[in-house]
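Have a look at the structure below, then the notes.
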There are 2 protein chains.
Amino acid sequence: MKISTKIIERMCRMFSHLDILSKENKPYVSSKELAFALGATDYTIRKDLSFLGIIGYGRKGYEVLGLKRELAKKFHLGHKHRACIIGLGRLGTALLDYEKFQEEGFEIVAGFDKSTNKIERIRTNIDVYTIDRLKPIIKERNIELGIIAVPAAFAQEVADNLVESGIKGILNFSPAKLIVPKDIMYQDMDFTNALRFIAACFATQAKP
Amino acid sequence: MKISTKIIERMCRMFSHLDILSKENKPYVSSKELAFALGATDYTIRKDLSFLGIIGYGRKGYEVLGLKRELAKKFHLGHKHRACIIGLGRLGTALLDYEKFQEEGFEIVAGFDKSTNKIERIRTNIDVYTIDRLKPIIKERNIELGIIAVPAAFAQEVADNLVESGIKGILNFSPAKLIVPKDIMYQDMDFTNALRFIAACFATQAKP
DNA sequence: TTATTACTGTGAAATATTTCACAGTATAAA
DNA sequence: TTTATACTGTGAAATATTTCACAGTAATAA
Ligand SMILES: NC(=O)c1ccc[n+]([C@@H]2O[C@H](COP(=O)([O-])OP(=O)(O)OC[C@H]3O[C@@H](n4cnc5c(N)ncnc54)[C@H](O)[C@@H]3O)[C@@H](O)[C@H]2O)c1
Ligand SMILES: NC(=O)c1ccc[n+]([C@@H]2O[C@H](COP(=O)([O-])OP(=O)(O)OC[C@H]3O[C@@H](n4cnc5c(N)ncnc54)[C@H](O)[C@@H]3O)[C@@H](O)[C@H]2O)c1
């Protein structure tokens with residue numbers, strides 16, 4: 001049977017939680033504790049892990065490090081993924097220096113902007129380029145992920161160029177809805193929509 | 001029957017798309033077009049709208065402005081919601097000046113930070129305060145939404161204060177998982193997790 | 001007028017996901 | 001050693017969601 005995106009989504013959050021537990025040197029964790037941390041139920045967690053072929057130990061639960069290792073292996077988490085950011089404005093530059101990405105294995109290796117002026121002024125350890133270098137640099141440096149932080153009007157154009165460069169995944173911070181081939185993993189981070197969702201939930205009494 | 005969060009989520013995105021269509025002066029839109037824009041199927045869209053009691057017109061589809069008005073009414077979208085941002089660092093200050101929030105009815109009326117130094121240096125039209133003023137200002141100015149942009153270690157403390165102040169919804173940009181009473185609408189914007197999800201999807205060939 | 005077309009609305013079927021119930025298992029205490 | 005306990009693993013049931021199929025409808029063209 002095929003894995004559902006719901007399970008993937010939960011496992012990504014679980015991975016993040018296991019990171020915390022491992023730093024606390026907790027050796028085992030039960031499905032109940034995991035469920036609480038992820039906002040799910042213990043049976044769902046057990047079903048998920050059993051589906052993935054991950055086994056726990058009676059009375060103890062799951063081994064924190066073993067579980068983390070398994071998830072890392074199955075979902076390519078933890079190990080290095082090379083990413084770049086396109087659009088180095090307010091948001092883009094903040095993302096460029098966000099250390100958490102590097103810590104979690106998402107290595108931002110390049111930034112791009114169309115303004116030469118901006119490129120020159122930016123102070124960062126990461127290499128920044130003008131947008132016309134996008135394709136060669138992505139190929140040369142084997143970049144897998146593109147993070148779009150340009151104004152909405154230019155987002156589709158940037159996405160098209162990323163796709164042509166052979167990128168595998170796109171995280172889009174602009175409010176534009178992009179059209180990309182279906183073999184490219186694509187996700188929106190639409191802040192305004194998140195606020196809408198919160199407003200809509202309390203308008204209808206629904207709890208997420 | 002109770003409304004599902006899936007429907008709410010789709011309707012928020014639909015609202016955003018209707019905004020674009022209305023600016024293009026498109027009078028009608030079909031379930032098929034909406035489905036394409038939202039990444040759903042036409043039957044799902046029709047089921048959703050029919051569930052909400054919204055009707056279309058044979059051969060034409062749904063009236064763009066009417067539909068937008070209905071969604072605005074049912075989900076409290078479009079009209080004003082007062083929000084504040086807590087933590088005015090790299091991300092917080094970018095959010096403070098993000099005009100799209102205001103355009104969409106999310107009015108950022110205040111910013112808070114613990115550093116007096118920072119408060120003094122910030123150049124913005126929005127009122128900024130030190131964190132000790134959080135509770136009185138939220139009550140006084142009738143703020144409904146809190147946007148958390150402080151380091152993860154302080155996020156829970158800030159959330160607790162927001163809840164005590166009577167906030168209705170929280171949008172959390174820190175990677176911490178917060179515990180809030182269940183009558184408070186709460187959503188995480190965890191960028192790292194979004195990258196994890198993309199990486200995990202292409203590790204497993206699942207398409208979101 | 002009639003036929004054609006491009007839609008909607010919705011029960012019923014199919015599918016996906018979650019929940020339940022409980023047998024099985026390892027550990028610790030008595 | 002036995003018993004209590006705190007877990008897991010999983011079929012079966014329940015629930016939620018999507019898809020299908022097609023009757024109904026309004027606009028347009030002939
Ligand atoms: N600022 C925020 O807090 C915020 C919040 C949510 C979403 N966003 C979205 O993120 C995106 C960026 O926002 P921002 O506030 O950083 O904007 P910004 O105007 O500060 O920066 C945009 C940058 O993109 C560059 N750019 C424009 N066209 C380009 C192109 N074709 N190729 C490469 N670079 C190009 C510009 O030179 C500029 O540096 C926007 O789509 C915005 O809607 C921003
Ligand atoms: N910078 C990014 O691109 C980025 C990306 C994703 C997530 N985040 C998350 O957003 C949050 C903020 O990130 P940042 O880069 O803006 O950090 P930052 O260090 O630039 O800013 C944090 C701000 O919060 C203030 N602060 C600290 N404790 C506070 C408290 N108790 N009450 C009020 N204010 C307090 C600090 O004075 C500072 O101004 C972090 O949790 C971070 O993980 C940031």
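Note on naming: letters A, B, ... go to the chains in the order of the sequence lines (proteins, then strands), and numbering restarts at 1 for each one. Every value quoted in this text rests on a predicted model; they were computed, and no experiment measured them.
- Separating the CD1 atom of Ile8(A) from the P atom of dA16(C) is a distance of 14 Å, rounded to the nearest angstrom.
- Residue Ser31(B) places at least one side-chain N or O closer than 4.0 Å to OP1 or OP2 of dT8(C).
- In this structure, a donor-acceptor pair under 3.5 Å is present between the side chains of Thr124(B) and Asp97(B).
- Under a cutoff of 6.0 Å and an axis angle of 45°, Lys32(A) and Tyr43(A) do not form a cation-pi pair.
- Rounded to an integer number of Å, the gap from Tyr57(A) OH to dA28(C) P is 15 Å.
- For the contact set between residues 35-51 of chain A and DNA chain C, defined by any heavy atom under 4.0 Å, the members are Thr41(A), Tyr43(A), Thr44(A), Arg46(A), Lys47(A).
- Donor-acceptor pairing under 3.5 Å is recorded for the side chains of Gln156(A) and Asp160(A).
- Side-chain contact check for Thr192(B) versus Tyr98(A): some heavy-atom pair is nearer than 4.5 Å.
- Here the side chains of Ile167(A) and Leu145(A) are not in contact, with every heavy-atom distance at 4.5 Å or above.
- If you take CD1 of Ile3(B) and C1' of dT15(D), they are 17 Å apart, rounded to a whole angstrom.
- Looking only at atom types and distance, the side chain of Thr130(B) has a donor-acceptor partner in the side chain of Asp132(B) under 3.5 Å away.
- Ile3(A) is listed as a side-chain neighbour of Leu52(A), based on a closest heavy-atom distance under 4.5 Å.
- Distances shown here put every side-chain N or O of Lys6(A) at or beyond 4.0 Å from the OP1 or OP2 atom of dA16(C).
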What protein N or O atoms touch nucleotides 1-6 of chain C N or O atoms at under 3.5 angstrom, if any, and at what distances?
{"from": "dT5(C)", "atom 1": "O2", "to": "Arg59(B)", "atom 2": "NH1", "distance (Å)": "2.7"}

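- Between Phe106(B) and His81(B), the two ring planes are parallel [angle under 30°; tilted spans 30° to 60°].
- Test Lys68(A), Lys100(A), Lys26(A) against Asp19(A) for salt bridge (Lys or Arg N to Asp or Glu O under 4.0 Å) and you get one pass: Lys68(A).
- Summarising the geometry, the separation between NZ on Lys32(B) and P on dT19(D) is reported as 15 Å, rounded to the nearest angstrom.
- Judged by closest nucleotide on DNA chain C, Gly56(B) is the one of Ser4(A) and Gly56(B) placed further toward the 5' end.
- At whole-Å resolution of the value, CE in Met1(A) and C1' in dT10(D) are 14 Å apart.
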